[in-house]
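Notes to accompany the following structure.
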Number of protein chains: 2
Amino acid sequence: AASARGLTKTYGGGEAQVHALRGIDLDLPRGRFTAIMGPSGSGKSTLMHCLAGLDQAGGGTVTVAGTDLGSLDDDTLTIFRREHIGFVFQSYNLLPMLTAGQNILLPLELGGRRIDDATRERAHALADTLGVADRLGHRPAELSGGQQQRVAIARALITRPDLLFADEPTGNLDSTTSAEVLDHLRRSARELGQTVVMVTHERDAAAYADDVVTMQDGRIA
Amino acid sequence: AASARGLTKTYGGGEAQVHALRGIDLDLPRGRFTAIMGPSGSGKSTLMHCLAGLDQAGGGTVTVAGTDLGSLDDDTLTIFRREHIGFVFQSYNLLPMLTAGQNILLPLELGGRRIDDATRERAHALADTLGVADRLGHRPAELSGGQQQRVAIARALITRPDLLFADEPTGNLDSTTSAEVLDHLRRSARELGQTVVMVTHERDAAAYADDVVTMQDGRIA
Ligand SMILES: Nc1ncnc2c1ncn2[C@@H]1O[C@H](COP(=O)(O)OP(=O)(O)OP(=O)(O)O)[C@@H](O)[C@H]1O
Ligand SMILES: Nc1ncnc2c1ncn2[C@@H]1O[C@H](COP(=O)(O)OP(=O)(O)OP(=O)(O)O)[C@@H](O)[C@H]1O
Ligand SMILES: [Mg+2]
Ligand SMILES: [Mg+2]
């Protein structure tokens, strides 16, 4: 589970100041699938990055799995994220010099876990569910946009995180592939008890969620 | 106008060979707005890159504005693209060290055209139509995903190209902003006589087009 209280975030200063988050109160219960919608520039990615501890809020608190993220130092926060959080970025952020398969296993390598045969099989099965098992030996530049997106999704899921944040995870997927991904996310919440939070601008995608939150100008509408 | 005859494109070799395009015949009439749909990995981006002269086909011909692209040497092709073609990339490809405004004007700078006041005003008006006029002084990293996408669209339109290729141009836009962009693209075709080709996986977006082409496994279905 995760929650935010009075969350604020401002970029820049003076006249050019952007109030990206203007006091967010939000509860994300364990085992539920929440969709976040809203206009481009309304603060959705900023909210997701603050909830996941990837960005420091300007004010307010973020609590994840009982822990106040603002109370952790950088190293502890890094370990905490690795242990509890998976994140699918809006622009994927795959490492260009690693293959798709290496990108997927990276969170486990970084966490110092041994990559045994069982783990490799699990990674392969996950890639297979997402329809990219035949592209694992290729680097991101050799993949289509939607294939890169699905590799990013697999990477976020490989650690079986308590919380999964997905920023527009079906933005480059056709309807069939989209449905498969969304179904997998819903089952992650219902069957594995993961807390799933997904930003989307597509109503069909939001329909898979248990709850829909709408943002407007840095606030929850 | 543009057309392809017997277009093929293969990546890799041996067992891992990917037949991304398997013999494409396609006509894109001047002043018409064509949507290209199809599953992730079906070859849409590859087709767009070959039609725009950004990628060399394996076989077949591409004819743009009466010119066989395969007959041009690299320098002539570069100049030809600059003169006739605008391209919105699936991953935007904005230059990170330039501001949004500088990114938009870049095609004109590269073409050696003087950037006078009238041109700056036109660039500003275009950014305003796309709702990003207030972000022009910021670098891409300081923009939301949808804002970056709209800057990429403005950059492709600034040279008033005969042919505009847009690869998933509304993938990160909410429905309102999406409608504004699609309406602008349709008017570019109908009022300015531009040949507009758009890849999309959203039926609502394809509805703005005059014609819809569907791809499947490297072929037109
Ligand atoms: N440089 C490359 N080397 C090897 N394979 C490639 C390369 N570029 C693309 N491919 C493969 O060619 C196929 C078609 O890719 P393309 O990018 O055209 O698909 P697409 O229809 O645009 O997909 P999406 O909807 O996901 O963007 C994919 O299977 C992709 O993995
Ligand atoms: N580093 C930054 N510096 C300045 N402004 C920023 C920065 N990052 C984001 N912004 C601004 O903050 C606002 C919210 O951005 P955010 O990325 O959260 O929007 P979003 O809702 O995710 O939009 P989209 O749907 O387009 O992805 C935008 O106006 C954006 O330009
Ligand atoms: Mg965003
Ligand atoms: Mg593509």
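All values below come from the heavy atoms of this structure, side chains included, with hydrogens, waters and symmetry mates left out. Naming: A, B, ... by sequence-line order, numbering from 1 per chain. Source: prediction; values computed, not measured.
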Problem - Trace of the side-chain hydrogen bond (donor to acceptor under 3.5 Å, both in side chains) decision for Q90(A) with S45(A) - result: CA-CA 8 Å; Q90(A) 192 167 2; S45(A) 294; 2.8 Å; yes
Handout entry: Ring-ring centroid check H49(A) F165(A), cutoff 6.0 Å
Key = no
Completion exercise
Most heavy-atom pairs under 4.5 Å with chain B, out of T177(A), T170(A), N172(A), belong to N172(A)
Problem - Under 4.5 Å from a heavy atom of chain B, the part of Q147(A) involved - result: both
Problem - T46(A) versus chain B, the contacting section by heavy-atom distance below 4.5 Å - result: neither
Fill in the blank from the handout: Whatever's closer than 4.5 Å to a heavy atom in chain B on R203(A) counts as neither
Exercise for the section: Determine, for D210(A) against R186(A), whether the closest basic-nitrogen to carboxylate-oxygen distance falls under 4.0 angstrom. Expected result: no
Problem - Check against salt bridge (charged side-chain N to carboxylate O under 4.0 Å, His left out), K44(A) and D174(B) - result: CA-CA 12 Å; K44(A) 306 180 298 295; D174(B) 54 280; over 6 Å; no
Problem - Pairing of R5(B) and D27(B) as salt bridge, 4.0 angstrom limit - result: yes
Handout entry: E202(A) versus chain B, the contacting section by heavy-atom distance below 4.5 Å
Key = side chain
Handout entry: Options G43(A), G146(A), G145(A), S40(A), ranked by heavy-atom pairs under 4.5 Å with chain B, top entry
Key = S40(A)
Problem - Any donor-acceptor pair under 3.5 Å from Q194(A) side chain to L163(A) backbone - result: no
Exercise for the section: Sort S144(A) into side chain, backbone, both or neither according to what part of it lies under 4.5 angstrom from a heavy atom of chain B. Expected result: side chain
Exercise for the section: Check whether V132(A) gets within reach of chain B through its side chain, its backbone, both or neither, counting any heavy atom under 4.5 Å. Expected result: neither
